[in-house]
Amino acid sequence: MSNASLQTTTSAPRHVAIIMDGNGRWAESRGLPRIAGHRRGADRVREVVESCPELGVTHLTLFAFSTENWKRPEQEVQGLFRLLRRYIRQESARLVAEGARVRFIGERSRLSRELQALMAGLEEQTADNDRLHLTVAINYGGRDEITRATRRIAAAVKAGELAVEDIGPDTIERYLDTAGLPDPDLVLRTSGEYRVSGFLTWQSVYSEYSFVDVRWPDFTADMFAAEVRGFGRRERRFGAVAG
Ligand code: IPE
Ligand code: IPE
Ligand code: MG
């Protein structure tokens with residue numbers, strides 16, 4: 001959903017999206033295998049998720065695995081998916097109790113049946129919740145998402161369900177994995193890298209960015225709260241002049 005009005009924010013970002021980066025370097029700098037960093041990273045996810053409601057953050061989107069991450073050694077890829085399966089199994093009850101509605105974005109067909117079933121199960125279990133909208137991006141890439149949406153739009157046109165002249169930004173939004181979710185107000189990346197690596201390409205055109213020089217396994221709930229507060233001091237103009 002676009003939010004194209006002039007807005008000088010003094011409030012919390014409604015939707016925060018996080019590129020959780022730096023797990024590998026965190027582990028390597030300690031002489032540990034990279035997967036140890038991913039494991040510690042998963043603990044940080046829990047803390048950040050829990051802190052959202054009190055900070056006024058209603059939507060949290062997390063980048064867990066990109067369409068490019070398949071290029072990593074098989075062992076690391078398998079380790080990451082093992083952690084994702086474990087996270088879903090272990091956190092389900094807590095997420096339900098916390099009133100989180102969980103959605104997954106990304107291309108699922110390449111994921112194992114077991115993981116796909118866990119994902120669908122958690123989405124179903126939490127479908128009626130709305131205290132926190134938690135979206136997890138797995139095998140996600142912004143270009144891949146837009147490409148898949150374009151194919152479906154083309155198929156709808158071909159089937160006579162959609163007229164070419166009726167296609168607008170709102171049509172495209174409806175075909176994206178994030179259909180129905182607000183655009184991220186704040187996109188945060190840890191680890192000191194200044195890039196977005198294909199995260200929420202369409203959705204983040206007017207997002208505020210924050211690049212934090214801390215590796216994800218060291219990123220605490222207090223640091224998250226500081227970023228959320230920092231957002232409140234920014235002036236968003238959306239192309240208009242300052243008021
Ligand atoms: C982020 O940490 C987690 C994933 C991409 C899955 P990295 O694994 O990218 O850690 P670095 O960037 O190599 O330190
Ligand atoms: C982005 O991190 C993807 C996730 C955090 C899941 P990467 O570590 O994969 O990104 P690059 O390779 O530094 O761009
Ligand atoms: Mg990285």
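For ligands, and for the atoms within them, numbers begin at 1 and follow the listed sequence.
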Write the atom name of the N, O or S atom in Asp21 that is nearest the Mg ion (ligand 3). OD1
State if Glu193 counts as touching ligand 1 under the rule of any non-hydrogen atom under 4.0 Å. no
Take Ser66 and Asn69, measure what side-chain hydrogen bond (donor to acceptor under 3.5 Å, both in side chains) needs, and give me the verdict at the end. CA-CA 5 Å; Ser66 80; Asn69 287 148; 3.2 Å; yes
Do you see a donor-acceptor pair shorter than 3.5 Å between the side chains of Thr61 and His15? yes
So which protein heavy atom does atom 14 (O) of ligand 2 come closest to, and at what separation? Ser197 OG, 2.6 Å
Pairwise distance OG1(Thr147) to CZ(Arg152) - rounded to 0.5 angstrom: 13.0 Å
Arg39 and Asn23, any side-chain heavy atoms less than 4.5 Å apart: no
For the residue pair Phe199 and Tyr140, categorise the inter-ring angle as parallel (less than 30°), tilted (30 to 60°) or perpendicular (more than 60°). perpendicular
Side chain to side chain, Leu162 and Ile167, heavy atoms closer than 4.5 Å: yes
Which of the ligand 2 atoms, numbered from 1, are nearer than 4.0 Å to a heavy atom of Phe65: 6 (C)
Among Arg34, Arg215, Arg25, Glu68, whose heavy atom sits nearest atom 13 (O) of ligand 1? Arg34
Protein heavy-atom partner closest to atom 1 (C) of ligand 1 - residue, atom, separation in Å: Met20 O, 2.9 Å
Between Glu28 and ligand 1, find which residue part has any heavy-atom pair under 4.0 Å and reply side chain, backbone, both or neither. neither
Is the distance between the ring centroids of Phe81 and Phe65 less than 6.0 Å? yes
Side chains of Arg215 and Thr190: is there a donor and an acceptor less than 3.5 Å apart? no
Between the side chains of Asp183 and Trp202, does any donor sit under 3.5 Å from an acceptor? no
In the protein, which heavy atom is nearest to atom 6 (C) of ligand 1, and how far is it? Ala64 O, 3.3 Å
Nearest protein heavy atom under 4.0 Å from atom 9 (O) of ligand 2, yes or no: yes
Option set Asp21, Ile19, Val77, criterion heavy-atom distance to atom 7 (P) of ligand 1, minimum: Asp21
Indicate yes or no: does Arg229 engage Glu227 in a salt bridge with an N to O separation below 4.0 Å. no
Determine whether any heavy atom of Ser191 lies closer than 4.0 Å to an atom of ligand 1. no
Check each atom of ligand 2 against the heavy atoms of Asn69 and keep those under 4.0 Å away; list them by number with element. 3 (C), 6 (C), 9 (O)
Quick look: Phe199 vs ligand 2, heavy-atom contacts under 4.0 Å, and the answer is neither
Applying a 4.0 Å heavy-atom criterion (strictly less than), which segment of Ala137 is in contact with ligand 2: side chain, backbone, both, or neither? neither
What's the shortest distance from atom 5 (C) of ligand 1 to any protein heavy atom, and which residue and atom give it? Arg72 NH2, 3.4 Å
Would Asp21 and Arg189 pass as an ion pair if we require N to O under 4.0 Å? yes
Please list the nearest protein heavy atom to atom 2 (O) of ligand 2 with its residue and the distance rounded to 0.1 Å. Arg189 NH2, 3.6 Å
Would you mind checking which non-hydrogen protein atom is closest to atom 12 (O) of ligand 2, with the distance to 0.1 Å? Arg195 NH2, 4.6 Å
